[in-house]
There are 2 protein chains.
Amino acid sequence: MKAAKKLGYKPNAIARMLITQRSGMVAVIISSTSTLVYPELLSRITEQLSEHNVKVLLFTLDESEQLDELLEQIWVYQVDGVIALAAHFDYRDIAQFEEHQIPVVLYNRQVTNYPVNTVCVDHDQGLKQLVDLLIGGGHKSFLVLSGPTRSDVANERRSLALAHLARHGFEDVPVLYGDFSYQSGKDLFAEWMRDHDAPDAVICSNDSMAIGCIDEARGGQGIKVPEQLSVVGFDGIHAAFWSGYELTTIRQPVNQMAKAAVGILMERIEHPDAPPEKRVLSGTLITGSSARS
Amino acid sequence: MKAAKKLGYKPNAIARMLITQRSGMVAVIISSTSTLVYPELLSRITEQLSEHNVKVLLFTLDESEQLDELLEQIWVYQVDGVIALAAHFDYRDIAQFEEHQIPVVLYNRQVTNYPVNTVCVDHDQGLKQLVDLLIGGGHKSFLVLSGPTRSDVANERRSLALAHLARHGFEDVPVLYGDFSYQSGKDLFAEWMRDHDAPDAVICSNDSMAIGCIDEARGGQGIKVPEQLSVVGFDGIHAAFWSGYELTTIRQPVNQMAKAAVGILMERIEHPDAPPEKRVLSGTLITGSSARS
DNA sequence: GTGAAAGCGCTAACAG
DNA sequence: CTGTTAGCGCTTTCAC
């Protein structure tokens, strides 16, 4: 040991991976936009993993067609597990992971009719709280600004918003589709106002769109928020708390969700036979000043 | 080959790494806040690297004391190179990389009196443009809101702001220190206003602090921006362009910088003897409506 | 041209 | 308890 110290010996992790059949690496899949929502999420996940002495091999996926190439890389690099913050997975993708015996945890996404490990914020509860709050505030006409239909999260939030509105008797609520960005929230609201009256309330798929909508209402249309128009978002990003907006929204418990995702993954790496688990964490209703209640 | 296809053979990247003495992995070092400034920067770098068939091994560093542990990991994992978006490196750290023959590229940071590969936005030019614009707008009293002294970027931006102000005869401009966050910009400006008059202009180390300062001025203090107070930032983050702020700032050319960083690194991996290179890219002055000019 | 073999640096099993 | 050895899956060399 003395000699090793003196010579500055460092074990070679790659040789160790080869013999132990364990790479000690987990693939994390992000998109350009997934870090936009939660800049700190990736850091949290990395921290959690490094407490288990696991390294992060980062993959970005913006075009969903490239998923197959990405999966190739994952097999080749012999990662011990995968955490997906981006991408849409169908049951065939998940089956491939099972074949390769690589555990996967999906973040805020599901695979219909197929058991898979997921960590999700409680979208149903969150949208119920938001809709109930708006209904309680006496709002009668609504507009939904949704993220893109190719996004699992957008689809879930939109359909739940519509379902909860329907529960209160509001059917056929109009929906416009954007891309989760500030600009799309702004543009969609401007588009709506070109040939419609302002609704009482706008329900947005995320905070960025809600902020865009508020800026357009106040700046472009001269509509007072929340006096004349209520706007709600989802996520609880930093800007939602800025005093210029003070958004009414649902905050995702990012730290707990990161911890849960890593926990589930490490458990499956240790015990490959453990059955899939869905963990749903409640978000926190933030009663800001962008909506009357 | 037919048999290989049929059996679904996938080469084992780890065995290949062992024999070729090339891991095909690059370590990227981020902090929780570095992704806050540019959510897309990490994606861009990852994309660029994957065009060279290089994978990203992600490291996060929030406490600078943990740099030594991190370096240990880097030696052990035999990465082919390192891109550092976070952390402060001194010449001894860089010397270690040289010993291990691992090329490094620093992003927006320097090592004094020591040759090292860096990619930087032109802070000097940027702050000159901002200060000249403010001087041209007739501002006579200034306040500087700086990031923390432990941050290389904050120190560089602060001292350049002060130097350019001095060049116009404004010495002893007051400085307050925060942590780059929205909240610190807001708090510092409130603190200043408790026992001082408002300055004509506030120069902030980044856009988040500038936005916090604007919100505090408008909301907390009832000061009109830009009529009574000019505020400038640095970076050109997304929110800087929101119509609620329209910040006057310098936009970093993130895409080009990501490309440059990866280019320099790949060059050093191919040719380990190439001398260190500093590449400085000009930012773009964004003349928003947060400052009179 | 095809085929065999050495060896990358480690771990785990086993012998002394 | 210390020391030796097989072998992880690949690339490269060298013999045929």
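Atoms considered below: every heavy atom in the structure, side chains included; atoms not considered: hydrogens, waters and symmetry mates. Chain letters run A, B, ... following the sequence lines, proteins first, then strands; residues in each count from 1.
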[N] [atom2] sits how many Å from [X] [atom1], rounded?
X	N	atom1	atom2	result
A/W75	D/dG9	CH2	P	18 Å
B/R22	D/dG9	CZ	C1'	20 Å
A/K10	C/dC8	NZ	C1'	20 Å

>> I need the minimum non-hydrogen distance between B/I94 and B/P115, along with the two atoms involved.
In response: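 Nearest heavy atoms, B/I94 then B/P115: CG2-O, 4.4 Å.
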>> If I compare all heavy atoms of A/V116 with all of A/K278, which pair ends up nearest, and what's the gap?
In response: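 Shortest heavy-atom separation between A/V116 and A/K278 comes out as O-NZ, 3.6 Å.
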> Where the side chain of B/T20 is concerned, which of D/dT11, C/dG9, D/dC10 is the nearest nucleotide?
Replying inline: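 Ranking D/dT11, C/dG9, D/dC10 by closest atom to the B/T20 side chain puts D/dT11 first.
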>> How bent is the helix from C/dG1-D/dC16 to C/dG16-D/dC1, measuring the angle between the end axes built from five pairs each, rounded to 10°?
In response: 60°
Any sub-3.5 Å donor-acceptor pair from [X]'s side-chain atoms to [Y]'s backbone N or O?
X	Y	result
A/R157	A/S205	yes
B/S159	B/N155	yes
A/D207	A/I237	yes

> Is A/R158 atom CZ crowded by more than 12 heavy atoms from other residues, nucleotides or ligands, each under 6.0 Å away?
Replying inline: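 Yes - once you tally the heavy atoms of other residues, nucleotides and ligands closer than 6.0 Å, there are more than 12.
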> Going by number, which of residues 12-19 of chain A have a non-hydrogen atom under 4.0 Å from DNA chain C?
Replying inline: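 Under 4.0 Å from DNA chain C: A/N12, A/A15, A/R16, A/I19.
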> Can you pull the ring pair (Phe, Tyr, Trp, His ring centres under 6.0 Å) pairs that have at least one residue in residues 6-54 of chain B, sequence neighbours excluded?
Replying inline: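 Pairs touching residues 6-54 of chain B that pass the test: none.
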>> Assess whether a salt bridge exists between A/R279 and A/E277, defined as any Lys/Arg side-chain N lying under 4.0 Å from an Asp/Glu carboxylate O.
In response: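 Yes.
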